[in-house]
Chemist: 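The structure is given below, and queries will be raised subsequently.
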Amino acid sequence: MSLTSLAETRGVAPDVVMLNSLLDALVECRAWNNLEIVWRNVSGARNGSIYWKRVTPNARSYNIILKGLAVRGDIKGAVTLTERMDELNLWDDVTTNTLVRAALAAGEYDMAESVLGERTSYAIERKQHPNVGGYTDLVDAYARGDDLEKALETLRVMTRRGVRPNDVTFTCVIAALARRGRVDEAERMLRYMKSAGVMPSRVTYNAFLNGLLLLGEYSTEDGGVDQNGGEEYFKDYDFRVDRALSILSDMISHNVYPDATTVTTLIEGLTRAEPTRTNDIPLILETVTKNAETANYVSPLSPVHSQKIATALIRAYASVDDFENVQLTFRNLENKDVIAFNAYLDACVKMGRIADALDTFGNHVGGVVVAKKKDSTTRKTIGRRLRPDVISYTVMMRAMVRGNKGSAARRMRLLYQEMREVWGIMPDITLVDTILSGMIQSSTFGLSDTDTKFTARVLRDAASLPYADGEYNKRKRILYSVLVGRNSEVWKNYGDGNDDDNEVDVLFQRKAWNKVDSRFRVLGQGVQRGDSAKKNKVDKFLKSKGW
């Protein structure tokens with residue numbers, strides 16, 4: 001029985017507050033069908049429940065429905081509803097802002113400008129203008145759409161109309177200027193923001209840093225884009241890193257305290273520089289940690305306490321093959337989460353520290369006690385088990401392939417069985433492709449029927465994954481061609497009898513796969529055949545774990 005039915009049964013008389021609470025809940029839950037039924041009943045629809053017909057909706061009721069239409073992208077319905085609100089004299093500032101949001105969601109920028117031009121309130125003596133949200137949404141939409149000039153023009157228009165920009169408005173513009181490489185203008189906007197009496201928040205500074213440092217491409221001052229990562233790219237990027245460190249100082253001097261996002265953004269920026277500037281990381285950590293202690297700031301910024309910062313450090317040190325600091329960071333992290341755990345495993349595998357990856361995985365997922373190390377000290381038993389995710393197992397599958405390829409198939413099979421049956425984790429495309437590539441590599445050493453059946457199981461689990469059209473069947477044909485052959489009983493449900501060897505060969509060339517050594521680029525270079533000591537160490541460890 002629904003709450004509405006229960007209220008009706010118990011004789012609870014509905015009112016507009018109860019109606020609005022219900023409408024708001026239905027919008028938040030995206031329960032569009034139920035929302036439509038209730039609204040029809042409120043509107044007096046025939047054959048509907050009479051329960052809600054006793055309630056007269058107010059402006060808030062209509063604005064909640066308008067919000068739902070905006071979320072759904074139904075601009076036609078939104079316009080029709082606001083016309084009705086205008087007739088009932090229920091249009092208010094919330095209506096204006098929400099209709100602007102609906103127009104922007106539908107890509108109707110001109111309509112959004114028109115609504116603000118016609119419906120902006122004037123002579124409002126409030127701390128914040130009621131239409132600042134609508135203008136900010138428009139500024140943000142232009143900024144995100146790379147129409148920076150329109151964003152700046154909108155900022156000027158709203159000021160002329162007496163709508164004072166707030167910190168969110170300025171943040172949108174500053175971040176967009178930084179992304180486009182217009183760093184000097186971004187800093188001038190930051191100064192103008194302060195002079196206008198709007199103090200930048202932590203979000204403002206973080207957005208500035210993010211725009212400066214975390215770029216997928218380099219945007220030049222003249223609006224051009226350089227994706228080549230050439231000398232000019234790195235020269236400019238090094239300049240950006242210096243400006244970012246300056247912004248950190250400015251942030252602290254204005255008593256805006258950094259958080260984990262600030263620190264990780266800077267760490268990632270230092271890592272991207274060429275050459276990398278990971279040597280500057282200790283100075284940043286010292287600065288923000290001392291600042292947090294001085295301010296008695298509640299958010300811990302030490303990599304010992306912050307999982308987010310520790311994860312960024314692990315990735316940064318791994319990028320320069322500094323395993324000592326990778327290991328030290330992970331060991332010192334007090335409350336390890338699966339993201340830091342996965343970053344550490346990935347670092348181990350990339351640096352060829354397969355035994356360390358296996359050791360850590362066994363300790364934290366299996367809860368086993370690891371035997372004595374070389375220095376005759378023993379590790380403490382892990383008190384609780386980390387719950388792994390599909391990424392954890394993807395990394396470990398890569399570790400298996402990079403260890404001893406001759407026994408990789410068996411190891412992957414046991415790991416996959418544990419993932420599915422112990423943890424109930426379903427594979428994703430990356431995990432499936434990692435396993436399939438590993439099985440093809442292992443086929444050069446020979447596969448048992450059990451291994452072939454395992455590969456078939458993985459493909460069955462992968463059938464529902466969102467592969468691009470034809471990609472799933474191509475994978476089946478490759479494995480059918482490489483691993484077994486057309487008459488295998490194991491594969492008879494997979495082959496369609498019309499496999500095209502030419503198509504398989506083309507895919508092998510495109511993916512840089514080789515039918516003889518079957519090495520996938522995605523896996524990188526494995527342990528070489530001459531590295532017998534490494535392989536023996538890994539095999540001995542695996543044997544001790546029963547893998």
Side-chain angles (χ1 to χ4, degrees), residues 70 73 75 96-122 128-129 131-201 203-228 232-233 236-237 239-240 243-244 246-247 250:
I75 186 60
T96 300
N97 295 339
T98 308
L99 183 57
V100 167
R101 195 169 297 120
L104 294 175
E108 299 287 347
Y109 287 45
D110 290 341
M111 177 188 289
E113 288 188 0
S114 177
V115 171
L116 289 170
E118 296 172 3
R119 296 284 181 170
T120 298
S121 298
Y122 293 96
Q128 181 166 283
H129 194 285
N131 295 128
V132 69
Y135 280 97
T136 298
D137 286 338
L138 182 57
V139 168
D140 187 46
Y142 279 132
R144 290 180 183 276
D146 262 353
D147 196 343
L148 190 50
E149 297 311 316
K150 288 289 290 184
L152 293 170
E153 176 60 25
T154 303
L155 188 65
R156 289 188 284 269
V157 167
M158 66 186 292
T159 303
R160 285 198 303 268
R161 292 175 180 170
V163 183
R164 184 189 183 195
N166 61 16
D167 62 322
V168 180
T169 319
F170 282 113
T171 296
C172 295
V173 176
I174 290 169
L177 286 167
R179 283 197 303 271
R180 296 299 296 167
R182 296 163 65 170
V183 182
D184 290 337
E185 291 178 70
E187 291 188 335
R188 285 199 297 271
M189 186 62 69
L190 186 64
R191 289 195 295 270
Y192 172 67
M193 177 183 183
K194 297 172 187 174
S195 68
V198 182
M199 293 310 298
S201 65
V203 174
T204 305
Y205 282 106
N206 285 346
F208 195 168
L209 292 172
N210 186 77
L212 268 175
L213 300 177
L214 303 186
L215 299 174
E217 56 190 26
Y218 160 50
S219 302
T220 61
E221 288 279 357
D222 60 3
V225 175
D226 174 18
Q227 294 175 306
N228 298 322
E232 288 302 314
Y233 173 94
D236 180 82
Y237 196 81
F239 161 78
R240 287 170 180 253
R243 298 292 276 268
S246 174
I247 290 167
D250 181 75

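Treat the numbers as computed from the prediction; the structure is a model and nothing was measured. Reckoned from all heavy atoms, side chains included, excluding hydrogens, waters and symmetry mates.
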Chemist: Minimum heavy-atom separation for Gly211 and Arg240, please, with both atom names.
Modeler: O-NH1, 3.8 Å
Chemist: Identify the two heavy atoms, one from Ala178 and one from Ala186, that lie closest to each other, and give their separation to 0.1 Å.
Modeler: N-CB, 4.1 Å
Chemist: Which heavy atom of Asp140 sits nearest to which heavy atom of Cys172, and what is that distance?
Modeler: OD1-SG, 3.4 Å
Chemist: Taking the side chain as C-beta and beyond, is there a heavy-atom pair between Met193 and Thr204 under 4.5 Å?
Modeler: yes
Chemist: Indicate yes or no: at least one non-hydrogen side-chain atom of Leu104 is less than 4.5 angstrom from one of Val100.
Modeler: yes
Chemist: Which atom names give the shortest non-hydrogen contact between Tyr135 and Val163, and what distance separates them?
Modeler: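 Of all heavy-atom pairs spanning Tyr135 and Val163, the closest is CE1-CG2, 3.8 Å.
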Chemist: Do Tyr205 and Leu190 come within less than 4.5 Å of each other through their side chains, counting heavy atoms only?
Modeler: yes
Chemist: Could I get the full list of side chain to side chain contact (heavy atoms under 4.5 Å, CB included) partners for Asn166, not counting sequence neighbours?
Modeler: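 Only Gln128, Val132, Thr136, Val168, Thr169 meet the side chain to side chain contact (heavy atoms under 4.5 Å, CB included) criterion with Asn166.
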Chemist: Yes or no on side chain to side chain contact (heavy atoms under 4.5 Å, CB included) for Arg161 and Leu116, after CA distance, side-chain angles and deciding distance?
Modeler: CA-CA 10 Å; Arg161 292 175 180 170; Leu116 289 170; 4.3 Å; yes
Chemist: Quick one: side chain to side chain contact (heavy atoms under 4.5 Å, CB included) partners of Arg188, sequence neighbours excluded?
Modeler: Asp184, Glu185, Arg191
Chemist: Is the backbone of Ser121 close enough, under 3.5 Å, to the side chain of Asn131 for a donor and an acceptor to pair up by distance?
Modeler: yes
Chemist: Do any side-chain atoms of residues 148-158 form donor-acceptor pairs under 3.5 angstrom with protein atoms, and if so which ones, sequence neighbours left out?
Modeler:
unit_1 : atom_1 : unit_2 : atom_2 : d
Glu149 : OE2    : Arg182 : NH1    : 2.9
Glu149 : OE2    : Arg182 : NH2    : 3.3
Lys150 : NZ     : Glu113 : OE2    : 3.2
Glu153 : OE1    : Arg156 : NE     : 3.3
Glu153 : OE1    : Arg156 : NH2    : 3.2
Thr154 : OG1    : Lys150 : O      : 2.8

Chemist: List the steps and the verdict of side chain to side chain contact (heavy atoms under 4.5 Å, CB included) for Arg119 and Leu99.
Modeler: CA-CA 11 Å; Arg119 296 284 181 170; Leu99 183 57; over 6 Å; no
Chemist: With the side chain counted from C-beta on, respond yes when Thr96 and Thr120 share a heavy-atom pair under 4.5 Å apart, and no when they do not.
Modeler: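 A side-chain contact under 4.5 Å is absent here.
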Chemist: Is there any ring pair (Phe, Tyr, Trp, His ring centres under 6.0 Å) pair reaching into residues 173-200, and which pairs are they, with sequence neighbours excluded?
Modeler: Phe170-Tyr192
Chemist: Not counting sequence neighbours, which residues clear ring-ring contact (aromatic ring centres under 6.0 Å, His included) with Phe208? List them please.
Modeler: none
Chemist: Can you give me the closest heavy-atom contact between Gly134 and Asn97, atom names plus distance?
Modeler: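 Nearest pair, atom of Gly134 first, then Asn97: N-OD1, 3.3 Å.
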Chemist: Under the side chain to side chain contact (heavy atoms under 4.5 Å, CB included) test, which residues partner Ala207, sequence neighbours left out?
Modeler: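 Scan of Ala207 (side chain to side chain contact (heavy atoms under 4.5 Å, CB included), adjacent residues dropped) gives Thr171, Ala175.
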Chemist: Tell me whether Tyr237 contacts the main-chain N or O of Leu213 through its side chain, where contact means a donor paired with an acceptor under 3.5 Å.
Modeler: yes
Chemist: Is the side chain of Arg164 donor-acceptor paired with the backbone N or O of Ala196 at a distance under 3.5 Å, no angle test?
Modeler: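 Such a contact is found between Arg164 side chain and Ala196 backbone.
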Chemist: Within a strict 4.5 Å, meaning less than it, do heavy atoms of the Asp167 and Val203 side chains meet?
Modeler: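 Not touching, per the 4.5 Å side-chain cut-off.
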